[in-house]
Colleague: 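Dumping the structure here so I can ask a few things about it.
Because the structure is predicted, anything quoted here is derived from the model rather than measured. Each ligand, and each atom within it, is numbered from 1 in the order the structure gives. For this chain, numbers begin at 1 and follow the sequence in order.
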Amino acid sequence: MAINWYPGHMHKAKKEIRDVIPKMDLIIEVLDARLPFSSENPMVASLRRDTPCIKILNKSDLADPQVTEQWVEHINRTSGMKAIAVNLKQPEKIRSILTMAPAMVPQRNLDISQLKAIILGIPNVGKSTTINILANRTIAKTGNEPAVTKQQQRIKLANNIILLDTPGFLWPKLEPEACGYRLAVSGAIKNTVIEFADVAMYLAEFMMAHYPQALCQRYQQPTLPETGIELFDLVARRRGCMRRGGIADSHKVAQILINDFREGHFGRISLETPAMVESEQATLLAAKEAAR
Ligand code: G4P
C-alpha cells in the first residue's frame with residue numbers, strides 16, 4: 001500500500017514528544033476501540049518507561065463489545081497501564097479519568113502540586129472530542145482531517161490536572177502491513193493517500209472471514225460468495241455500480257463498503273483482537289529473522 005507521509009511534521013512531533021514525555025506524571029493515549037493496537041503511536045511504548053498510562057479506547061459505540069472487553073483485559077495486564085472503553089455519548093465515563101489519574105500517581109500530592117499529563121492520539125481517534133469533554137468546554141478544534149490541532153496547548157482540568165495536548169499529526173503503526181489497512185479502513189489515514197480499492201478489498205475479505213452475517217444483512221443475501229472479488233460484483237449489482245460490459249465499478253463499490261463500515265451500517269465491528277495481533281507480530285518477527 002503506497003502512503004505519502006509528511007516527514008517534516010513527523011519529525012517535529014517526534015522531537016516534541018521525546019522532550020516532553022520524561023517531564024510527565026501520566027500519559028493518556030486515545031485509541032480507536034475498533035483497532036486499539038494499530039491506532040497506537042509506536043513511540044509511546046518505547047518512550048514510556050514506567051510512566052503510568054491510561055489508554056482510552058474511544059468510539060466504543062462502533063466496536064464489537066466482546067472484543068473491546070478482551071482489549072481492556074489485555075491492556076490492564078501491563079503494569080502501570082489502565083484501559084477504559086468510552087464513546088462521546090458517555091461524558092461522565094470519560095470524566096471519570098479525572099479521578100482515575102490521581103490514583104495512578106499516588107506519590108503526587110495534588111493539594112500542593114499539579115499532575116502533569118500528556119494526551120496523545122493519532123488523527124481521527126477522537127482526541128479533540130475527548131479533550132473537550134474532559135475540560136467541559138470547547139478547547140481544541142475537532143474534525144475529520146488529520147493535523148487540525150497545530151500548537152501545543154496546556155489545558156487546566158479539574159483535580160489540579162494539567163493536560164498537555166500535542167500537535168494533531170502523530171504517525172500510526174504501519175507494520176505489519178495489515179495495521180496500515182486497518183487504519184485506512186477506519187479513516188485515520190487520509191483517503192487521498194491510499195489505494196481505495198485495495199483498502200476496501202482488505203475490508204471485504206476481513207468481513208467475510210469475521211462478520212459474514214453483518215454482510216448478509218446489509219446486502220440482503222442469504223449466503224455470501226467465496227472471494228472478495230465476487231463480493232465486489234455482488235455489491236455492484238445490488239447498488240447499481242456496474243459499468244458498461246457488466247464490469248463492477250470497483251471505486252464506487254470500495255466507497256460503499258468503506259462508508260458502510262465507517263458509518264456503522266454493519267453494526268459494531270472490531271478490526272483486530274489481541275490474539276490476531278499477537279499472531280501477526282509473531283509472523284512479522286519470523287519473517288524478519290528469516291531475512292537476516
Ligand atoms: P481527532 O481530534 O482525534 O482527530 O478526532 P475528533 O475528536 O476530531 O473526532 C473525529 C471524528 O470522530 C468526529 O467526527 C467525531 O465526532 C467522531 N467521534 C469522536 N468520538 C467518537 C465516538 O466515541 N463515537 C463515534 N461514533 N464518533 C466519534 P466528524 O464526522 O469528523 O465530526 P462531527 O461532524 O461529528 O463534528
Side-chain angles (χ1 to χ4, degrees), residues 5-6 9-10 12-13 16-17 27-44 53-65 67-69 71-72 83-97 117-155 157 163-173 179 182-194 214 255 258-271:
W5 289 109
Y6 306 94
H9 290 243
M10 267 169 63
K12 189 164 172 273
E16 280 174 359
I17 293 168
I27 297 167
I28 300 176
E29 188 172 21
V30 187
L31 305 171
D32 186 324
R34 296 167 296 177
L35 51 156
F37 175 78
S38 299
S39 59
E40 273 177 342
N41 174 254
M43 255 185 109
V44 176
C53 181
I54 298 177
K55 301 262 185 189
I56 302 179
L57 274 54
N58 191 43
K59 304 197 182 186
S60 65
D61 54 318
L62 301 174
D64 181 330
V67 177
T68 300
E69 233 171 81
W71 277 111
V72 169
I84 179 168
V86 297
N87 64 72
L88 53 73
K89 293 178 203 105
Q90 301 173 314
E92 284 315 313
K93 194 171 179 194
I94 293 176
R95 282 195 277 270
S96 75
I97 290 164
I118 185 169
I119 188 158
L120 302 163
I122 66 162
N124 205 41
V125 289
K127 187 180 72 162
S128 312
T129 310
T130 306
I131 293 173
N132 290 341
I133 293 172
L134 284 174
N136 220 357
R137 60 191 190 276
T138 305
I139 301 277
K141 231 166 109 187
T142 62
N144 221 351
E145 290 299 297
V148 170
T149 312
K150 295 233 167 65
Q151 297 290 320
Q152 254 193 17
Q153 339 186 34
R154 283 172 185 276
I155 303 148
L157 304 179
L163 192 65
L164 182 69
D165 181 22
T166 52
F169 196 86
L170 275 186
W171 63 103
K173 277 197 193 92
C179 289
R182 297 197 281 257
L183 286 157
V185 167
S186 77
I189 294 177
K190 257 185 162 185
N191 289 347
T192 47
V193 299
I194 55 174
Q255 267 174 331
I258 290 178
N259 285 346
D260 277 349
F261 172 81
R262 289 186 187 166
E263 283 163 25
H265 295 314
F266 294 135
R268 298 174 69 176
I269 306 291
S270 290
L271 293 175

Colleague: Quick one: are T138 and N132 in side-chain contact, heavy atoms under 4.5 Å?
Modeller: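 Answer yes - side chains close enough.
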
Colleague: Under 3.5 Å, N or O to N or O, is G126 touching ligand 1 that way?
Modeller: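 There is such a contact, yes.
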
Colleague: Ignoring hydrogens, just give me the one of S39, S128, G187 whose non-hydrogen atom is nearest atom 2 (O) of ligand 1.
Modeller: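 Comparing heavy atoms across S39, S128, G187, the nearest one to atom 2 (O) of ligand 1 lies in S128.
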
Colleague: Test of understanding: given a 4.0 Å heavy-atom threshold, classify the contact between D61 and ligand 1 as side chain, backbone, both, or neither.
Modeller: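 Answer for D61: side chain.
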
Colleague: How many angstroms lie between atom CD1 of I131 and atom CG of L163, to the nearest 0.5 angstrom?
Modeller: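 The CD1 atom of I131 sits 5.5 Å away from the CG atom of L163.
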
Colleague: Using a 4.0 Å cut-off to any heavy atom of N87, which atoms of ligand 1 qualify?
Modeller: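 Listed by number with element, the hits are 23 (O).
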
Colleague: Is there a side-chain contact between K59 and T129, using heavy atoms and a 4.5 Å cut-off?
Modeller: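 Contact flag for K59/T129 side chains = no.
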
Colleague: Can you find an N or O of N124 that's nearer than 3.5 Å to an N or O of ligand 1?
Modeller: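 Yes, at least one N or O pair falls under 3.5 Å.
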
Colleague: Counting heavy atoms only, name the option from T130, T129, I122 that's nearest to atom 19 (C) of ligand 1.
Modeller: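 Of the listed residues, T129 has the closest heavy atom.
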
Colleague: Compute the shortest N/O to N/O distance between V86 and ligand 1 and return yes if it is under 3.5 Å, no if not.
Modeller: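 In this structure, V86 places no N or O atom under 3.5 Å from an N or O of ligand 1.
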
Colleague: Checking the side chain of R137 only, and the main-chain atoms of A135 only, is there a donor and an acceptor separated by less than 3.5 Å?
Modeller: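 Yes.
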
Colleague: Report the residue from N58, I28, L88 that forms a side-chain contact (heavy atoms from CB on, under 4.5 Å) with T130.
Modeller: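 Option passing the side-chain contact (heavy atoms from CB on, under 4.5 Å) with T130: N58.
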
Colleague: I'd like to check whether L88 has a polar contact with ligand 1, where a contact means an N/O of the residue lying under 3.5 Å from an N/O of the ligand.
Modeller: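 Among all N and O atoms of L88, at least one is under 3.5 Å from an N or O of ligand 1.
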
Colleague: How long is the gap from CG on D64 to CD on E69, to the nearest 0.5 Å?
Modeller: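 Going from CG on D64 over to CD on E69, the span is 10.0 Å.
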
Colleague: Heavy-atom distances under 4.0 Å are what count here, so tell me which part of L62 touches ligand 1: side chain, backbone, both or neither.
Modeller: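 The side chain, only.
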
Colleague: With rounding to the nearest 0.5 angstrom, report the NZ to OG distance, K93 to S60.
Modeller: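 Answer for the NZ-OG pair, K93 versus S60, is 6.0 Å.
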
